[in-house]
Amino acid sequence: MGPRRIVCLTEEPTETLYALGEQDRIVGISGFTVRPPQARREKPKVSAFTSARVEAILALRPDLAIGFSDIQADIAAALVRRGVEVWIANHRSVDGIVDYVRRLGALVGAGARALAYADALRRGLDAVEAQAARLPVRPKVYFEEWDEPIITGIQWVAELVRIAGGDDVFPELSAEPLAKARILASGEPVVARRPDIILGSWCGKKFRPGQVAARPGWDAIPAVRDGELHEIKSPLILQPGPAALTDGVAAIAAIVQRWAAARG
C-alpha cells in the first residue's frame, strides 16, 4: 500500500520513515542526512538541499519524491517534468512537524503507527515544557541560523525555545516563513534586545562563538558578557522533523536549565 520507491530529498522524511519501520521504501536520500546513522550506510545519496542529481534519481525509478519548502521548488519542478510524483511539505511550526509525521505515515499505510509516534513526540514536548515551568527565571534567547548575512530563527525553533524555558527575542521575525524575511541588516537589533543566551546553528557549518562575541558592540550583550554562546548542531534543530522535537529541544533545555540554575 502506498508508494514503494521513495526518494527523500531532505532528512526528516528519512528519519520519520525509519522510525515507523518503513525504511525499505526508501531508495535514495539527501547527502545531508545524518539521522538515523544507518541511512547513510544503506541508501544512495542523490541530492543536496538546493540541488539534486536528477538522472541518478530517475535511475532509481521512484514512485514518489519527498522534499521541503520553496527552496526545493526547482528540484521538484525538474522531477515533475520527468514524470515523478513529488510531495513538497511546507510546515514551519511544532504542530506542523507533528502533523507531518501523521501525514507521512498515512501516505505509506502506517497511519496507526504514525499516530502513536506523533503522540509520543507530543508527550515528550509536554514533559520538557512541564520541567521548564519550574524554572526560577526565564532567559531571553537569540537564535542565529546564519552569520553572513545574519538570519534569525524560524518558527519551530522559536517555539522550541519557549517550550524549553526561554523567550525568543525576535518573535515577530520567527513568524516569517522565508529566510530572506528574517535577515538583519546589522547586529544592532540583537544588541538592543540584550539576550541572556545566544544559540547558533549555522546550517551546516561550525558555529564560531568567538567571531560572534567580537562583533562591534556585542560586548554589551549579557550573553556575550557571561560567555553564554552555544552551538546547537544543525541536524538537531534545523530539520523540521523528529530530531528537532527530541534531541533538539533537549539540547536547548539543557542550556536554559544550566543558565537558570546559576541564577536561581
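- Residues D70 and R92 are paired through a salt bridge, judged by an N-O separation under 4.0 Å between the basic side chain and the carboxylate.
- E176 has no carboxylate O lying under 4.0 Å from a charged side-chain N of R182, or vice versa, which leaves the two without a salt bridge.
- Remark: side-chain polar atoms of Q72 are paired, donor with acceptor, to backbone N or O of F68 under 3.5 angstrom.
- At distances below 3.5 Å, not a single donor-acceptor pair connects side-chain atoms of R25 with backbone N or O atoms of I6.
- Within 6.0 Å of atom CZ in F32, 12 or fewer heavy atoms from other residues, nucleotides or ligands are found, so the atom counts as exposed in its surroundings.
- A salt bridge does not link D196 to R263: none of the charged side-chain nitrogens sits closer than 4.0 Å to a carboxylate oxygen.
- Side chain of E15 to main chain of G241: no donor-acceptor pair is present (N/O by atom type, distance under 3.5 Å, no hydrogens or angles).
- At distances below 3.5 Å, at least one donor-acceptor pair connects side-chain atoms of D63 with backbone N or O atoms of R4.
- Looking at T16, its side chain never comes within 3.5 Å of a backbone N or O of V101 through a donor-acceptor pair.
- For the salt bridge (charged side-chain N to carboxylate O under 4.0 Å, His left out) test, residues two or more places apart in sequence or in another chain that qualify with R122 are D95.
- Annotation for Y100 and P240: closest pair CD2-O, 4.5 Å, computed over non-hydrogen atoms.
- A donor-acceptor contact closer than 3.5 angstrom links the side chains of Q257 and Q131.
- Considering E231, E148, E144 as possible partners of W202, the one that fulfils the side-chain hydrogen bond (donor to acceptor under 3.5 Å, both in side chains) test is E144.
- Screening residues 158-167 for side-chain hydrogen bond (donor to acceptor under 3.5 Å, both in side chains) gives E129-R162, R138-D167, Q155-E159 as the qualifying pairs, with residues at least two apart or on separate chains.
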